[in-house]
Q: 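Shown below is the structure under consideration.
On a predicted model such as this, the values are computed, not experimentally measured, just so you know. Per chain, numbering begins at 1; letters A, B, ... match sequence-line order.
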Protein chains: 2
Amino acid sequence: MPRITFLPANVTVEVPEGETVIRAAMKAGLHINASCGGAGVCGKCRVFLEEGEAEGEALPEGGYKACTLIPKGHVVIRIPVESEVDRRALLRPIKKVATSWLETRGPAQVVLSPPAKKIFLSLEPPSLQDNTPDLMRLETALKASLKKEKLEVDWRLLRRLPYVLREKGFQVTATIWEKEIPRLLNVEAGDTSRRHFALVVDVGTTTVCAELVDLASGETLGETSDYNPQISYGEDVISRIEFARKGDGLHLLHARIIECISRLTKELCDKQGVDPQEIVHYSIAGNTVMSHFLLELEPRFLRESPYVPVASRFPEVPAQEVGLPGGEQTVLTLAPCVASYVGGDIVAGVVAAGLASEEPLTLFIDIGTNGEIVVGNKDFLACAACSAGPAFEGGGIKHGMRATTGAIEAVRVDPNTLEPMILTIGNKKPKGICGSGIISLLANLFIEGIIDQSGKYRRDLDHPRLREGRDGWEYVLVWSKDSATGEDIVFTEADIDNLIRAKGAMFSGYQTLLESVGLEVSMLERVILAGNFGSFLDLEQAIIIGLLPDLPRERFFFIGNSSLLGARMAALSLKAREEMERVAGMMTHFELSAHPGYMDYYVSALFLPHTNIDLFPTVKTLLGKA
Amino acid sequence: MPRITFLPANVTVEVPEGETVIRAAMKAGLHINASCGGAGVCGKCRVFLEEGEAEGEALPEGGYKACTLIPKGHVVIRIPVESEVDRRALLRPIKKVATSWLETRGPAQVVLSPPAKKIFLSLEPPSLQDNTPDLMRLETALKASLKKEKLEVDWRLLRRLPYVLREKGFQVTATIWEKEIPRLLNVEAGDTSRRHFALVVDVGTTTVCAELVDLASGETLGETSDYNPQISYGEDVISRIEFARKGDGLHLLHARIIECISRLTKELCDKQGVDPQEIVHYSIAGNTVMSHFLLELEPRFLRESPYVPVASRFPEVPAQEVGLPGGEQTVLTLAPCVASYVGGDIVAGVVAAGLASEEPLTLFIDIGTNGEIVVGNKDFLACAACSAGPAFEGGGIKHGMRATTGAIEAVRVDPNTLEPMILTIGNKKPKGICGSGIISLLANLFIEGIIDQSGKYRRDLDHPRLREGRDGWEYVLVWSKDSATGEDIVFTEADIDNLIRAKGAMFSGYQTLLESVGLEVSMLERVILAGNFGSFLDLEQAIIIGLLPDLPRERFFFIGNSSLLGARMAALSLKAREEMERVAGMMTHFELSAHPGYMDYYVSALFLPHTNIDLFPTVKTLLGKA
């Protein structure tokens, strides 16, 4: 692995092969001016190669563009004065993203035993001595194989049964849906037990992720994702519920998500040479609102007090009946939900993390379009939805955007020059700021003293980048000439206010939920961050702004898309599917706003990092207040 | 009840109100010449009213037409010499139709507890304190009411559930399908528990009978019937199986029977002000071939050795999926079959008779297009199909016809004059002879010595009514001038031969089946005659020709359409439905032709009444051979 020693700070870091110097510096907490997000056009990120070999674009006046420079072996890089690191930043520990839950622990053990089972049977062909009816012949063999006394049969099977049995001399493969009374879903001629597939889907408000899983081997054959096309009808669940109330709205939302999943399914199947007819099981997890849309269930009462879902545990659905590709036999299951705003994605996630079967007191957080939190262990589970709003996904932020190409994903601001160092996704000219960039920027502005604890810009700094704009005070992160949009990209006090309210809602959520079960934040033994957002979250920065509690860093883990993971487990293992039901039943839902202490907690959290700085000892130290 | 004393025979009989003298005479075993079937046109049936009052058409030469004369109170009727009773007929005991099983015993006890149950629930509306999802709220109440831990739900219900619950303030009526894990079929707003209907159908090869049953009261609200429209594609099951093999044949047969049941359903519903959507259950019984057609299952292997049905126990079928009128929730059940030619009609009939739960050794006979026989009691049941052919339904008989208007249903032939006395259904001019007429005629010709034991006409009788026609020797039953067709209606030796083979197949069937279980005919404690045919069968005549065993007459019962009765019981009582499954499982099917003794039994039965006359002691006496 290449290594870089940065001068004058004399900080040495290891970097992945092919990593640019500017990204290495950002990770190391060192500042290099950069305005174009790594697009290689602003030329501000000049560094000097003092020792070793590296490849990159040389600048005419000497040195290299750090955003193009890729070290080979060990190099020594000097950051010139104009780009020099701020001393105060050195006080900060090297930032780290939380540990990967899956790399350290793996998903909860799954023994391959799918709810949809294929059984190859070599039946005795009928004779005058034994002219048992076709169905009974099959049933008798199946019951013996399953060690069950009863079996349910989809009657439509009977129409093709005699042909299928006789096609390969009464050698057949039966597909069984395992439950108390197993259900015979399908019969195929010959031995098809190796062709056995499930489609696993996480239906997020913003993103739909799908995997094609081989149920015979347990392997994931392919994965893909796309934006949820319902976005065109509303960014968040509330606006979509409103849309659903108008005319054909609900049907349209339903049709769009079914189209989307169908498309992803066909894409995955095509790539793997699988006929969608061979899919036996769609295992889907989504929040309560997405689950309602998927089945075209009236979402209106989710939004009106007293917030009642049509269903939280969903019956099995023949996939064809909702319009998904597959055979007559294909079963769709949805992860069970808990309440209107704590859905199957969270239940699937908790099962994927396995926290409901372990001792340590764990906080499970999913900061997506909504913020959902779960606290508990093997003995209890409490959950709540935080009305955090979409600020962390760029919603309600003037130049906020989703985490796509051109989004500013990391920022540092030099406290002396107020010049920013920015990195964009895909190293393109910046278009806006995504969630991780927003947190990065907010944390930086705060820790460098450019904004105060209440989120206001220092009025005494006279600098062109700090100005009073149409929406009040703002910081110019990118000048129009460097931006992809041709406009200044700014970060306003209104944006900061939104972010503080969002993180305040989350933090007071933890506090309230913990208090509801007689506990407090400091007692947490583990914090698991779910969702893509959690994976890209800079732990230190998130603690600095008070979004995450200031606990020892080794207690934090990110688990990625645990909803998809749980859905996959439910396809691979009947036990996992049953565990979902158990976990959903075990989860006590708390309506945070109904808790008498909630408003106090919330108001106290509307500061950076918090009104009570003693809750954030490491931030207190960083601010020099310890 | 009016009474008639017939002179000179001096026989007195009670007759139902409105009964004609000629019909009373026929029942009493007295002969009155009659050629027009009771249509009042031939004028041959002259009788004299000696005492009492009666209404009818007087003849110009004195006396009345017996076919129009209806007695009031007690009358004395003299039959003139030309119509006089034959002495030998007086030797015969007064004929009787078998006792009605239902009138003497009633159907097996049915406690009203339908598999499709309606439950009215007054749910607590949701509140912030209890915002349980709609489905869970309903399920919890239902589980408590049913005392069950699990419940299955049809997912499509969820789409309307929130509206239905809120329509009448969470007062709803749930429709449940009772089984191991009950299934929630439907939810309606308010209390609809009094609107709860089933459609009960017997799908016969020839006739389809349907009843609309009120599941709330257990009452039958209406009944209707029609010919099975599949008749156009073949009279019997074999020719229909052949038809099904060609092109779209199977689908056509399926579509026609579905159309027929749909039509009968609508007719019954219309008459009773019931919306077909309110039908919860179609309880249908039919033979194995009809059951296959109903579900559009491949019938081909029923006909090809080794005679394998697709299924004998049929899964529950959503009625909509086969195209029957009803709601999403409507369930269709089919009575279980035993083998290719012993079907659900027989199983339903055995359950209706209740013989499988009683001690007496019983023979259950259904002489329809096929002849099916069951023998057994509470300890065992053996069954078989007899290849009797359709002779008893008029098939393969030159002037045979179904039992409709104009069919000769009863015949007597004067042994001296060879003049017949005939009665037709509906008292219309005769068109042909139906089953009961055929048996009546055959028995009469035999007992009067006009044919011999091998079914040949006496060649020594010189009479215009006995002649050698195109098809060999024949008896002219109706001259062309008296027939509705303008042709002579004849009864040929070939017809007689067919009938002897048919009754021989039945009788040797009883013998073989009984021998298979180590018993013999004389041990039978009861004989139950099922089907419409059984109801119209003249017991004495059936014994005379050797179709039924010569047992004490009080052991015989007719039960009518026991298939329909069983289907009704299965709609009214879950226990009856379960009993069908038990009975079907208990029935051992014997392939008669595979039995080593069968051919001997069969050949011996090809005489009137039998080669071994000692098996028919009362016939032996009648013939003066005792």
Side-chain angles (χ1 to χ4, degrees), chain A residues 125-139 150-163 165-166 179-181 184 250 288 292 295-302 305-318 321-322 332 337-340 589 591 594, chain B residues 125-139 150 152-163 165-166 179-181 184 250 288 292 295-302 305-318 321-322 332 334 337-340 589 591 594:
Chain A
S127 62
L128 274 174
Q129 286 65 49
D130 169 19
N131 58 4
T132 307
D134 287 346
L135 179 61
M136 198 181 282
R137 181 175 305 274
L138 177 64
E139 280 183 321
K150 298 213 170 186
L151 192 68
E152 283 201 346
V153 177
D154 186 330
W155 81 277
R156 294 168 300 176
L157 209 60
L158 300 184
R159 290 191 170 165
R160 55 179 199 276
L161 184 61
Y163 314 113
L165 286 180
R166 285 163 183 81
K179 49 183 185 170
E180 206 166 311
I181 299 175
L184 175 59
L250 174 58
T288 311
H292 276 57
L295 299 185
E296 201 173 345
L297 307 183
E298 176 59 75
R300 169 178 158 192
F301 304 105
L302 290 171
S305 174
Y307 316 111
V308 180
V310 174
S312 52
R313 322 279 181 99
F314 302 92
E316 288 137 24
V317 175
E321 290 185 13
V322 291
L332 173 137
C337 300
V338 176
S340 289
H589 176 247
E591 194 67 61
Chain B
S127 62
L128 274 175
Q129 285 65 51
D130 169 19
N131 57 7
T132 305
D134 286 346
L135 179 60
M136 198 181 284
R137 181 175 307 273
L138 177 64
E139 280 183 321
K150 299 213 170 185
E152 282 203 346
V153 177
D154 185 329
W155 81 277
R156 295 168 300 177
L157 209 60
L158 300 182
R159 289 192 170 164
R160 54 178 200 277
L161 184 61
Y163 314 112
L165 287 178
R166 285 161 183 81
K179 47 182 185 171
E180 206 166 311
I181 299 175
L184 174 59
L250 174 58
T288 311
H292 276 57
L295 299 184
E296 203 174 344
L297 308 183
E298 176 59 73
R300 169 178 157 190
F301 303 105
L302 290 172
S305 174
Y307 316 111
V308 180
V310 175
S312 52
R313 322 279 181 98
F314 302 92
E316 288 137 24
V317 175
E321 291 186 12
V322 290
L332 176 153
L334 273 171
C337 300
V338 176
S340 289
H589 175 248
E591 195 67 61

Q: When you compare the side chain of A/Asp134 with that of A/Arg166, does any pair of heavy atoms fall below 4.5 Å?
A: yes
Q: Could you check which of B/Arg300, B/Glu180, B/Arg313, B/Met136 has the highest count of heavy-atom pairs closer than 4.5 Å to chain A?
A: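 Of B/Arg300, B/Glu180, B/Arg313, B/Met136, B/Glu180 has the most heavy-atom pairs under 4.5 Å with chain A.
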Q: Does any non-hydrogen side-chain atom of A/Trp155 lie less than 4.5 Å from one of B/Val322?
A: yes
Q: For each of A/Val153, A/Leu250, A/Leu157, tally heavy-atom pairs with chain B at distances under 4.5 Å, and name the one with the top tally.
A: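 Going by pairs under 4.5 Å, I would pick A/Val153.
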Q: Has A/Ser340 got a side-chain atom pairing as donor or acceptor with A/Tyr307's backbone, closer than 3.5 angstrom?
A: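 Checking the backbone N and O of A/Tyr307 against the side chain of A/Ser340, a donor-acceptor pair under 3.5 Å is found.
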Q: Using heavy-atom distances under 4.5 Å, tell me whether B/Leu295 contacts chain A through its side chain, its backbone, both, or neither.
A: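 For B/Leu295, the contact with chain A is made by backbone and side chain together.
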Q: Which bit of A/Glu152 is near chain B, if near means a heavy-atom gap under 4.5 Å: side chain, backbone, both or neither?
A: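 The answer is the side chain of A/Glu152.
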Q: Just to verify, what does B/Glu139 make a side chain to side chain donor-acceptor pair (under 3.5 Å) with, not counting sequence neighbours?
A: none
Q: With a 4.5 angstrom heavy-atom cut-off, could you sort out which part of A/Arg156 is near chain B: side chain, backbone, both or neither?
A: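 Interface part for A/Arg156: side chain.
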Q: Please flag which part of A/Arg160 lies under 4.5 Å from any non-hydrogen atom of chain B: side chain, backbone, both or neither.
A: neither
Q: I'd like to know which of B/Pro162, B/Pro133, B/Pro125, B/Pro318 tops the heavy-atom pair count under 4.5 Å against chain A.
A: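 The option with the most such pairs is B/Pro133.
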Q: Go through the atoms of A/Ser305 and report whether side chain, backbone, both or neither lie under 4.5 Å from a heavy atom of chain B.
A: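 Just the side chain, heavy atoms under 4.5 Å.
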Q: What option among B/Leu135, B/Asn131, B/Thr288 has the most heavy-atom pairs under 4.5 Å with chain A?
A: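 Option with the top pair count is B/Asn131.
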Q: Listed by chain and number, what are the side chain to side chain donor-acceptor pair (under 3.5 Å) partners of B/Glu298, not counting sequence neighbours?
A: A/Tyr163
Q: Has the side chain of A/His292 got a donor or acceptor atom that lies under 3.5 Å from a matching backbone atom of A/Pro309?
A: no
Q: How about A/Leu297 and B/Arg159: do any of their side-chain heavy atoms sit closer than 4.5 Å?
A: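 A/Leu297 vs B/Arg159: side chains touch.
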